[in-house]
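This chain uses plain numbering: 1 for the first residue, then up along the sequence. Only heavy atoms go into these numbers, but all of them, side chains included; no hydrogens, no water, no symmetry mates.
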Amino acid sequence: MHAHLRAARRPTGVPTPTPPAPHRTGIPVPVPPARRLTGVAALAVLPALLAACADDPAPAPAPPTPTDPAPAAADAARDELAALAAAAQDRSFTARYTLADGTGSDRSIVVTSAADGTWRVDVPGGALGGTADVSLAATADGLYQCGLPSAGRPEPASCVRLGDPTDAVPHRQDPRVQHPFTDWLEVLTDRRAPLAVSPARPPQGASGSCYSVDTTSASLNAPLDVGIYCYAPDGTPTAVRTTGGTLVLAGPAGPGPATVQLAGPVTDGEPLGVAAPEPSAESPPEPSSESAPSGTATP
């Protein structure tokens, strides 16, 4: 019984055959069904992945950075203004300008630039709060302020030395009208000066090539007043507009002299300040010495 459950006994002495090794005989190893399905799925997905990669567009090359015309235009304007200011420094002329500064009626400013580099600027209302006329001049002997006969100063013209020819006008005596014709020209020709320059429209009634000038320095002591500066092709200043007012050439400029002359003799007096003088303290009126008669009622 149970003979069918019992393994058949081989004859004694007969060796049990060993199945050949797959790698030795070259017979392929059977692949389980699950592994065959995995490989088939990978082969099916691979073309889709390759197609997706092919569909992705290649990154476009970065466009070349265009050249910004603004710096080039600013440099050109700065060069043009510097050239005109240099021509103004070499220009010898006499001209009359109209100054509108919002303080009242327009004033007539006379500018004289001589062939030897000396200069003179006559400023009506340039001292004592606008009541006195003055003339500022730089000669070979020094820098001078001359008081001119006017409502606030009826005396004859006389001059006071303020310093050397290249010194700046002291702040208390500075009407600032002379700067566009003198020391500010040096700033406009200096390419190292912290300035931003661009073309601008002329102020009303002005002509010439005009430029807006701003300072790029954070310093409180700016090298010049920001504003608009205009010049004729020969370097004659035709207009200046700053916070102090607008100067416009009132007519054709004439030839300048060989050297400037002071408006009067030099004295040892005190220069006139721009501000109005402080009012003098008036003494109180003295009481009347008259007294009312005794017994009379005071009205």
(request) Check the surroundings of atom CD in E155: do more than 12 heavy atoms from other residues, nucleotides or ligands lie under 6.0 Å from it? (result) yes

(message) Could you check whether any side-chain heavy atom of P277 comes within less than 4.5 Å of a side-chain heavy atom of L128, counting everything from C-beta outward?
(response) yes

(message) So which atom in A253 and which in A95 form the shortest heavy-atom distance, rounded to 0.1 Å?
(response) CB-CB, 4.0 Å

(message) Check whether T246 reaches the backbone of T242 with its side chain - one donor and one acceptor, N or O, closer than 3.5 Å.
(response) no

(request) Could you grab the distance from atom OG1 of T215 to atom CG of D225, nearest 0.5 Å is fine? (result) 10.5 Å

(request) Anything under 30° is parallel, anything over 60° is perpendicular, the rest tilted; go ahead and classify W184 against Y229. (result) perpendicular

(request) Examine the side chains of T103 and D101 and answer whether a donor and an acceptor come within less than 3.5 Å of each other. (result) yes

(request) Search all heavy atoms of S150 against all heavy atoms of A132 and return the closest pair with its distance. (result) OG-CA, 3.3 Å

(message) In the structure I gave you, are the side-chain heavy atoms of V248 and T238 within less than 4.5 Å of one another anywhere?
(response) no

(request) Look up atom CD in Q178 and atom CD1 in I109, then write down how far apart they are to the nearest 0.5 Å. (result) 10.0 Å

(message) Just checking R191: does its CZ atom have more than 12 heavy atoms from other residues, nucleotides or ligands closer to it than 6.0 angstrom?
(response) yes

(message) Side chains of P257 and T94, heavy atoms from C-beta outward: is any pair under 4.5 Å?
(response) yes

(request) Determine the sole option in L188, V213, L195 for which the side-chain contact (heavy atoms from CB on, under 4.5 Å) test with R78 is passed. (result) L195

(message) Looking at every non-hydrogen atom in both residues, tell me the closest pair between L262 and C159 and how far apart they are.
(response) CB-SG, 4.0 Å

(message) What's the separation between atom CG in D106 and atom OG1 in T98, rounded to the nearest 0.5 Å?
(response) 6.5 Å

(request) Say whether, by atom type as modelled, one donor and one acceptor occur between the side chain of S135 and the main chain of D122 under 3.5 angstrom. (result) no

(request) Output the distance between atom CD (Q173) and atom CG (L272), rounded to the nearest 0.5 Å. (result) 8.0 Å

(request) Any pair with a residue in residues 213-271 that passes disulfide (SG to SG under 2.5 Å), sequence neighbours left out, goes on the list, sorted by first then second residue, please. (result) C210-C230

(message) For the residue pair D164 / T166, report whether a side-chain donor-acceptor contact shorter than 3.5 Å exists.
(response) no

(message) Looking at every non-hydrogen atom in both residues, tell me the closest pair between L84 and S209 and how far apart they are.
(response) CD1-CB, 4.1 Å

(message) Within the supplied structure, the quantity of interest is the number of heavy atoms (other residues, nucleotides, ligands) at a distance under 6.0 Å from R96 CZ; does it exceed 12?
(response) no

(message) To the closest 0.5 Å, what do you measure between OH (Y97) and CZ (F181)?
(response) 4.5 Å

(request) Evaluate the side-chain proximity of Y144 to P165: yes if any heavy-atom separation is below 4.5 Å, no if none is. (result) no

(request) For E186, enumerate each residue passing the side chain to side chain donor-acceptor pair (under 3.5 Å) test, keeping only those at least two apart in sequence or located in another chain. (result) none

(message) R153 vs S158, test: side chain to side chain donor-acceptor pair (under 3.5 Å). Steps then yes/no.
(response) CA-CA 11 Å; R153 185 192 175 281; S158 62; 2.8 Å; yes

(message) So P170 and L162, do their side chains get closer than 4.5 Å, heavy atoms only?
(response) yes

(message) Between D174 and H179, is the side-chain contact (heavy atoms from CB on, under 4.5 Å) condition met? List the steps.
(response) CA-CA 9 Å; D174 189 2; H179 290 293; 2.8 Å; yes

(message) Looking at every non-hydrogen atom in both residues, tell me the closest pair between G126 and V274 and how far apart they are.
(response) O-CG2, 3.9 Å

(request) Indicate whether the side chain of T259 and that of R120 have a donor and an acceptor atom separated by less than 3.5 Å. (result) no

(message) Whether the side chain of Y231 engages the backbone of Y211 through a donor-acceptor N/O pair (distance < 3.5 Å, no angle test) should be reported.
(response) no

(message) Can you confirm whether the side chains of R91 and S113 place a donor and an acceptor under 3.5 Å from each other?
(response) no

(request) Taking all heavy atoms of G208 and all of P202, pick out the closest pair and write down the distance. (result) O-CG, 4.1 Å

(message) I need the L136 CG to R176 CZ distance, nearest 0.5 Å.
(response) 12.5 Å

(message) With a 3.5 Å distance limit and no angle check, can you tell me whether R241 reaches the backbone of L247 through a side-chain donor-acceptor pair?
(response) no

(message) Closer than 3.5 angstrom, by distance alone: can the side chain of T118 be matched with the main-chain N or O of V260 as a donor-acceptor pair?
(response) yes

